[in-house]
Amino acid sequence: MSWLVLVVSGVFEAVWATALGKSDGFTRLGPTVVFGAALVVSMAGLAYAMRGLPVGTAYAVWVGIGAVLTVVYSMATGGTAVSAVKLLLLGGIVACVMGLKLIG
């Protein structure tokens with residue numbers, strides 16, 4: 001159960017990071033509200049997952065999921081250019097996160 005909660009909280013990390021960027025320094029209400037709600041859900045999920053997983057592993061997986069999804073969203077919406085090198089590096093992060101799951 002800890003792994004499932006960790007993955008979901010990693011997704012919410014990408015949501016709050018994206019909403020933070022869209023909030024224009026907390027001057028836009030909608031993205032600011034999404035940021036706050038997603039942040040609470042993400043942190044609560046991370047805290048729950050850390051009760052059953054090593055802190056270092058849980059944090060690395062959480063950050064990896066959030067970072068990859070944030071970049072992929074930015075690429076999909078045209079905010080970041082897509083390149084083979086970026087996709088290769090993102091694949092490396094995904095492989096490392098999967099490796100952490102497999103060993104721990």
Heavy-atom nearest pair, Ala60 first then Leu100, reads CB-CD1, 3.7 Å

Once side-chain contact (heavy atoms from CB on, under 4.5 Å) is applied, do any residues pair with Val72, and if so which ones, sequence neighbours excluded? Val68, Leu90

Scan for ring-ring contact (aromatic ring centres under 6.0 Å, His included) pairs involving residues 38-58, sequence neighbours excluded, and state none if there are none. none

Which residues pass the side-chain hydrogen bond (donor to acceptor under 3.5 Å, both in side chains) test with Ser42, sequence neighbours left out? Trp62

I need the minimum non-hydrogen distance between Ala17 and Thr70, along with the two atoms involved. CB-OG1, 3.9 Å

Worked check of side chain to side chain contact (heavy atoms under 4.5 Å, CB included) between Phe12 and Met43: CA-CA 9 Å; Phe12 275 96; Met43 290 292 168; over 6 Å; no

Sorted by chain and residue number, the side-chain contact (heavy atoms from CB on, under 4.5 Å) partners of Leu87 (sequence neighbours excluded) come out as Met75, Val82

For residues 11-29, which residue pairs qualify under side-chain hydrogen bond (donor to acceptor under 3.5 Å, both in side chains), counting only residues two or more places apart or in two chains? none

Nearest heavy-atom neighbours spanning Gly52 and Ser2: CA-OG, 3.8 Å

Taking ring-ring contact (aromatic ring centres under 6.0 Å, His included) as the cut-off, I'd like each qualifying pair that reaches into residues 77-98, sequence neighbours left out, listed once. none

How close do Val5 and Gly45 get, counting heavy atoms only, and between which atoms? CG1-O, 3.4 Å

Contacts of Tyr73 that satisfy ring pair (Phe, Tyr, Trp, His ring centres under 6.0 Å) - sequence neighbours left out: none

I'd like to check the ring pair (Phe, Tyr, Trp, His ring centres under 6.0 Å) partners of Phe26; sequence neighbours left out, ordered by chain and number. Phe35

May I ask you to list the residues sharing a hydrophobic cluster with Val34, side-chain cutoff 4.5 Å, ordered by chain and number? Val15

Restricting to pairs with a member in residues 74-86, which pass side-chain hydrogen bond (donor to acceptor under 3.5 Å, both in side chains), not counting sequence neighbours? Ser74-Thr80

side-chain contact (heavy atoms from CB on, under 4.5 Å) partners for Ala49, two or more places apart: Leu6, Leu53

